[in-house]
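Data block below; observations after.
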Number of protein chains: 2
Amino acid sequence: MSKTNKKTPGRPRSAKSHQAILRATLELLGEVGFDTMSIEAISARAGVGKTTIYRRYSSKEELVADAIESIRQDVVIPDTGNLWSDIDELIENAAQISLSPLGRQTVAMIISSASSNSQFAQIYWTKYLQPRREAFAVVIERAKMRNEMQTDLDSGLIFDSMSGIMLYALIFPPQTESWSEYVRRALHLLFQGALSQSQSE
Amino acid sequence: MSKTNKKTPGRPRSAKSHQAILRATLELLGEVGFDTMSIEAISARAGVGKTTIYRRYSSKEELVADAIESIRQDVVIPDTGNLWSDIDELIENAAQISLSPLGRQTVAMIISSASSNSQFAQIYWTKYLQPRREAFAVVIERAKMRNEMQTDLDSGLIFDSMSGIMLYALIFPPQTESWSEYVRRALHLLFQGALSQSQSE
DNA sequence: TTATTACGATACGATACTGTTTCGTAATTT
DNA sequence: AAATTACGAAACAGTATCGTATCGTAATAA
């Protein structure tokens, strides 16, 4: 029912144009942000007619949602055998994604829309954060089994706190150290209480 | 050298108009956000001519910065004699400010500008967060003196972590409990590690 | 009173984007 | 070959905002 079934007559939609549109959308989103970005600018950069975009998407929201969707990365579940090594991997992973212009603008979009309509925030939560939150639960579970953590802690709450700290560091970048180092230090503070008493360092 | 020295000839600028402009700016900022907000709309709502605004401010950024500046609240330093009571007060205070539409839009503005130009983020940091960060250091210092906390902890880092958690909860509001309750729970997790061993609850 | 500045209103040209339509051409199915 | 659909380009009317300029009026200082 997918590619093999080419029953529609007429010229098919160009996959090349489609890719170009998504690419241009992401680039502009990162450069100027959602509000400032115009359909005209997207079509110009993609080298396609405005019509081609309007034929595919009926709103900018729809287009951007699809563009972001198209680059969704696989969820990583680190398993180094040690909690802090796992966390370091997560930090590096988060750094790559969220320190990019696109990452910043995505976050900005979510927040500004969060007050009036919660569309983007909902989508982002469900499609991006939720799976990672669940993957993180596995990491925590392993740490508990290795006796690195207290067993009664809420992994979801830990994930949220970690995310919050990272988000804050994204907006107000540390002056005297790198983002990763700063986040690592903050998470260490967070986990001090989460660690078993035997694991004081 | 201020009001008493009325040496300039001609009609003075209307303080009433000035107030109306700032008020309208804040209202619209909360309602539609920075990008969507037009000078025309502000002047219309304030009941003043566009000219009057352009005479005072040369850019929207300048106007908004002044408007936000005008409602800057005094820094609160709670001193209840108990760390958790102090923190509860801070949470309630933060809830009032940041859960409002204006608070949300302010945060959104800072984040979206953080990537291209860091103007707002810088201003917000210097004028808003920095003083509160320092005030919080006092709260922590008192807690240390009461022996409620380890003495070697970095109060700035704790403040940043708290802010991050609050920010995250602002964007992705908890579904099953109130914002304040959720934040309180997260901060409890954070402070578990910060508390002295004798103060396990 | 006179000079000076601010006021609100309105008009202005300029720019930019919207979403639609029309056009001749290209690609694909039947 | 014929029918059908998509393509990019261009023109379109409509809307919105920009920042400036001009107006007659109001308020204040010298």
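Only this structure's heavy atoms are used, side chains among them; waters, hydrogens and symmetry mates stay out. Chain letters run A, B, ... following the sequence lines, proteins first, then strands; residues in each count from 1.
- When rounded to the nearest whole Å, the span between CZ of B:R11 and P of D:dA30 equals 18 Å.
- Map A:A41 and B:G10 each onto its nearest nucleotide of DNA chain C; the residue landing nearer the 5' end is B:G10.
- Whole-Å rounding puts the B:D35 CG to C:dA16 P distance at 17 Å.
- When rounded to the nearest whole Å, the span between CD1 of B:I39 and P of D:dA16 equals 17 Å.
- Residues satisfying the salt bridge (charged side-chain N to carboxylate O under 4.0 Å, His left out) criterion with A:E92, sequence neighbours excluded, are absent altogether.
- Judged by distance alone, the side chain of A:E89 and the main-chain N or O of A:P78 form no donor-acceptor pair under 3.5 Å.
- Across residues 12-27 of chain B, B:P12 each have a non-hydrogen atom less than 4.0 Å from an atom of DNA chain D (numbered order).
- When the P atom of D:dC18 is taken as reference, atom CG of B:L63 falls 11 Å away, rounded to whole Å.
- In this structure, A:E40 places its CD atom 14 Å from P of C:dT20, rounding to the nearest Å.
- Applying the ring-ring contact (aromatic ring centres under 6.0 Å, His included) definition to pairs two or more places apart or across chains, none involves residues 86-105 of chain A.
- A:M37 has its CE atom 13 Å from the C1' atom of C:dC17, to the nearest Å.
- Not counting sequence neighbours, B:S38 has no partner by the side chain to side chain donor-acceptor pair (under 3.5 Å) test.
- The two residues A:I91 and A:W179 make their nearest non-hydrogen contact at O-CZ3, 3.8 Å.
- Residues A:R56 and A:H18 have side chains that bring a donor and an acceptor to within less than 3.5 angstrom of each other.
- Residues B:M166 and B:L187 meet the side-chain proximity criterion, which asks for heavy atoms closer than 4.5 Å.
- Residues from residues 48-58 of chain B with heavy atoms under 4.0 angstrom of DNA chain C, sorted by number: B:V48, B:G49, B:T51, B:T52, B:R55, B:R56.
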Which donor-acceptor pairs under 3.5 Å do the side chains of residues 152-159 of chain B make with protein atoms, sequence neighbours left out?
unit_1: B:D154; atom_1: OD1; unit_2: B:G156; atom_2: N; d: 2.8
unit_1: B:D154; atom_1: OD1; unit_2: B:L157; atom_2: N; d: 3.3

